[in-house]
Amino acid sequence: MSETSMDKIVSLCKRRGFVFQSSEIYGGLGSVWDYGPLGVELKKNLKDRWWNAMVRERENIEGLDSAILMHPDIWKASGHVDGFTDPLVDCRTCKNRFRADDERIKGVPGEESGQCPACGNKGVLTGARSFNLMFKTFMGPVEESASEIYLRPETAQGIYVNYVNVMQSSRQKLPFGIAQIGKAFRNEITPGNFIFRTREFEQMEMQFFVNPADDKKWFDYWREQRMEFHTSLGINPDKLRFHPHGPGELAHYAKEAEDVEYEFPFGWQEMEGIHNRTDFDLSRHMEHSGKKLEYRDPVSNERFIPYIIETSLGADRLMLAVLADAYAEEEVEGEKRVVLKLHPSVAPIKAGIFPLVKKDGMPELARKVQEELQKAMPVSYDISGSIGKRYRRQDETGTPFCVTIDGESVSAGSVTVRDRDTLKQDRVEIDNLKSYLVDRLL
Ligand code: GAP
């Protein structure tokens, strides 16, 4: 896929109500996006698939929803206050700010050879300075440094500081995990590519607490499990790969790390990170909070600080991968169609309901069918335009089935169900319609 198809995805998302620019009527807010009626359904379905796979279908993983605002010392302990920075350079002429490793600024920051892409001048870049990516705000009525707090840049820390609470209340023993889905905020300097890198985003993170002796075994286990999850969403396996981090790439907390990468229209990029974080986080929180976070094995009585294997996936990034993977333009019955071949389980709308004509009892029967189906799934009633046009409208938003109510439906109680991908039409009894669709949505 080329850059053009990225433009096509962005324009489809806006036209059909998946994603809008934040604060659009005020000129927009940089790299912040709002999810419209279909986008909120798609993202929710992706989060539900993740939650089911990680929490509900496992006995040894518990859910959590920790607050976005946390004690500021947590970010000192985690290393974010000192280390969560990007080196930046400023152009003295046009005042634009760039990452020091930005390829477009050609030259060494602080030296005369620099060339700035915005104003085109040479020799005007400052030396590199660190810039913290955390959003800062104030808690309480006084805006002073003592009341400074941060919007969390990852959900993981909320899990670490609740690890004992969760373990004790749920009577878990190692190995076990804690999962959460929530917003994170980063004042990214080079955001971009639509919802790929944004300043406000959602993470789906799971932290798995293990005996240090078993870290490699669990790292390898989670690496496989996570890839299986992505292919279970219908993502083309040829567009997925692992990228192991070399020693120079490893984050300060990681002993081993691999990304799951997807081949986006703009190239191979990280979608999910799997890290062996060792005992770094719990040791630091022990040190900074003064609380004991050791684990005592009930069988061997061995005491140790658990190692953590983390899986961290961006919900927005996953949604972009799923959209890019599903997008297709095809010739069907001599006509061009745009279709999102979304896995039925994540499609925002499961069935379109079309009365063939606006008379002979068809609209009334179609409303009855709608009422019955919408107890089990999101559906969309559409009476305007030709059936072909109505199919195209649903194809473009990824609706897997279209149900047409015709004369035979009124006289004999059956409808046609058209499959988005095979285009095959089945005649189905109205009484069996709900279970026919439910069986095909998993
Ligand atoms: N707790 C570990 C952690 O946060 P990360 O590699 O910084 O690790 C994990 O982020 C995942 O979160 C990424 O793989 C990506 O999917 C998502 N993510 C990170 N920064 C993002 C951003 N600015 N916009 C959208 N998603 C982002």
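Indexing begins at 1, ligand by ligand and atom by atom, following the structure's order.
Looking at every heavy atom in both residues, Phe135 comes nearest to Arg186 through CE1-C, 3.4 Å.
Not counting sequence neighbours, the partners of Asp73 by the salt bridge (charged side-chain N to carboxylate O under 4.0 Å, His left out) test are Lys76.
Electrostatic pairing of Lys95 and Asp90 does not count as a salt bridge here, judged by no charged N lying under 4.0 Å from a carboxylate O.
The shortest side-chain heavy-atom distance between Val339 and Glu329 does not fall under the 4.5 Å cut-off.
Close to ligand 1: Thr198, with a non-hydrogen atom less than 4.0 angstrom away.
When each atom of ligand 1 is checked for a heavy atom of Glu205 under 4.0 Å away, the hits are 1 (N), 2 (C), 3 (C), 4 (O). Of all atoms in ligand 1, listed by their number and element, those nearer than 4.0 Å to a heavy atom of Glu270 are 6 (O), 13 (C), 14 (O). The contact set between ligand 1 and Glu272, taken as ligand atoms under 4.0 Å from a residue heavy atom, comprises 14 (O).
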- Check step by step if salt bridge (Lys or Arg N to Asp or Glu O under 4.0 Å) holds for Arg420 and Asp395. CA-CA 6 Å; Arg420 178 197 66 201; Asp395 287 346; over 6 Å; no
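Looking from atom 25 (C) of ligand 1 to the surrounding protein, the closest heavy atom is Phe196 O, 3.2 Å.
Among Gln157, Glu310, Arg186, the residue whose heavy atom sits closest to atom 4 (O) of ligand 1 is Arg186. The option from Arg152, Arg199, His275, Gln203 that lies nearest to atom 12 (O) of ligand 1, judged by heavy atoms, is Gln203.
At a 4.0 Å heavy-atom cut-off, ligand 1 touches Met271 through the backbone alone. Under 4.0 Å from ligand 1, the heavy atoms of Arg277 that appear belong solely to its side chain. By the criterion of a heavy-atom distance under 4.0 Å, both the backbone and the side chain of Arg197 are placed next to ligand 1.
For the pairing with Leu46, the side chain to side chain contact (heavy atoms under 4.5 Å, CB included) check across Asp316, Leu313, Leu233 returns one residue only, Leu233.
The cationic atom of Arg223 (NZ for Lys, CZ for Arg) lies less than 6.0 Å from the six-membered ring centre of Phe242 and within 45° of the ring axis.
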